[in-house]
Peer 1: 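Below you will find the structure I want to go over with you.
Counting begins at 1 with the first residue of the sequence.
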Amino acid sequence: MTGGHIEPDESPVECFKRETMEEAYVEGHCSPLGRVTVDQSENYLWKEDGPYPKIGYQIFYRMDITKIHEFEAGYESADRIFIDPPRIREYYADWHEIYDSILSSAIEKKIKNVRGKLKWM
């Protein structure tokens, strides 16, 4: 799972692709899954001059990897591993139930894509 902040004049898709390249050194076709609104309005720890907006969004995409580059560990990542999706909880300490929904959506989208391609073959 990669992530990051959007740069000025960058689209969400461009941000996702850039962050994924910087952190995992992979490229591919991506499609949106949805978003989660992050509302800090009632968070007493939120600060006006902090790094995060009072109301922000986490946008989720799935990527079908088409190219794997040599891993350089030049940004925030020290290592790269590929995980079988059902085992992701073993690797992600802050797993939340909403991520189950997002992961299920990504897997279902892949199944639909595969089924759609099989119909045309």
Peer 1: Looking at Asn43 and Leu45, what are the two nearest heavy atoms and their distance?
Peer 2: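 So the two residues come closest at OD1-N, 2.9 Å.
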Peer 1: Rounded to the nearest 0.5 Å, what separation is found between the OG atom of Ser101 and the CD atom of Glu108?
Peer 2: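 So the gap between those two atoms works out to 11.5 Å.
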Peer 1: Counting only heavy atoms not in His69, do more than 12 fall under 6.0 Å of its NE2?
Peer 2: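 Correct, the count exceeds 12.
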Peer 1: Would you give the length of the straight line joining atom NZ of Lys67 to atom CE of Met21, rounded to the nearest 0.5 angstrom?
Peer 2: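 So the gap between those two atoms works out to 8.0 Å.
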Peer 1: How long is the gap from CZ on Arg80 to CD on Glu72, to the nearest 0.5 Å?
Peer 2: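 If I round to the nearest 0.5 Å, the distance is 10.0 Å.
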Peer 1: Just by modelled atom types, is the Asp39 backbone N or O under 3.5 Å from a matching donor or acceptor in the Trp46 side chain?
Peer 2: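 Judged by distance alone, no pair lies under 3.5 Å.
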Peer 1: Excluding sequence neighbours, so at least two apart, what forms ring-ring contact (aromatic ring centres under 6.0 Å, His included) with Phe71?
Peer 2: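 Listed in chain order: Tyr25.
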Peer 1: Which atom names give the shortest non-hydrogen contact between Ala78 and Ala73, and what distance separates them?
Peer 2: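 Distance-wise, the nearest heavy atoms are O-CB, 4.1 Å.
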Peer 1: What I'd like to find out is whether the side chain of Glu7 reaches to under 4.5 Å of the side chain of Asp9, using heavy atoms alone.
Peer 2: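 Sidechains of Asp9 and Glu7: no contact.
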Peer 1: Can you give me the closest heavy-atom contact between Pro85 and Leu103, atom names plus distance?
Peer 2: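 For Pro85 versus Leu103, the nearest heavy atoms are O-CD2, 3.5 Å.
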Peer 1: If I take atom CD1 from residue Ile81 and atom CD1 from residue Ile83, how far apart are they, to the nearest 0.5 angstrom?
Peer 2: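 Answer for the CD1-CD1 pair, Ile81 versus Ile83, is 4.0 Å.
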Peer 1: Transitive ILVMFWY cluster of Val26 at side-chain heavy atoms under 4.5 Å: who else is in it?
Peer 2: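 Joined to Val26, directly or through intermediates: Val13, Phe16, Ile59, Tyr61, Met63, Ile65, Ile68, Phe82.
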Peer 1: If I take atom CG from residue Asp84 and atom CD from residue Glu90, how far apart are they, to the nearest 0.5 angstrom?
Peer 2: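 That separation rounds to 9.5 Å.
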Peer 1: May I have the step-by-step check of side-chain contact (heavy atoms from CB on, under 4.5 Å) for Tyr57 and Val38, ending in yes or no?
Peer 2: CA-CA 5 Å; Tyr57 304 94; Val38 181; over 6 Å; no
Peer 1: Closest approach of Gln40 and Pro53, non-hydrogen atoms and distance?
Peer 2: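 Heavy-atom minimum between the residues: CG-O, 3.7 Å.
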Peer 1: For a 4.5 angstrom cut-off between non-hydrogen side-chain atoms, does Cys30 reach Arg62?
Peer 2: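 No; the side chains remain at least 4.5 Å from each other.
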Peer 1: Indicate the atoms forming the closest heavy-atom contact of Thr66 with Gly28, along with that distance.
Peer 2: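 Where Thr66 meets Gly28 most closely, the heavy atoms are OG1-CA, 3.4 Å.
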Peer 1: Any side-chain donor-acceptor pair under 3.5 Å between Thr37 and Arg35?
Peer 2: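 A pair is found: one side chain offers a donor N or O, the other an acceptor, under 3.5 Å apart.
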Peer 1: Does this structure show an ion pair linking Glu14 with Arg18, if we count only N-O contacts that are shorter than 4.0 Å?
Peer 2: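 Between Arg18 and Glu14 there is no salt bridge, as every charged N stays at least 4.0 Å from the carboxylate O atoms.
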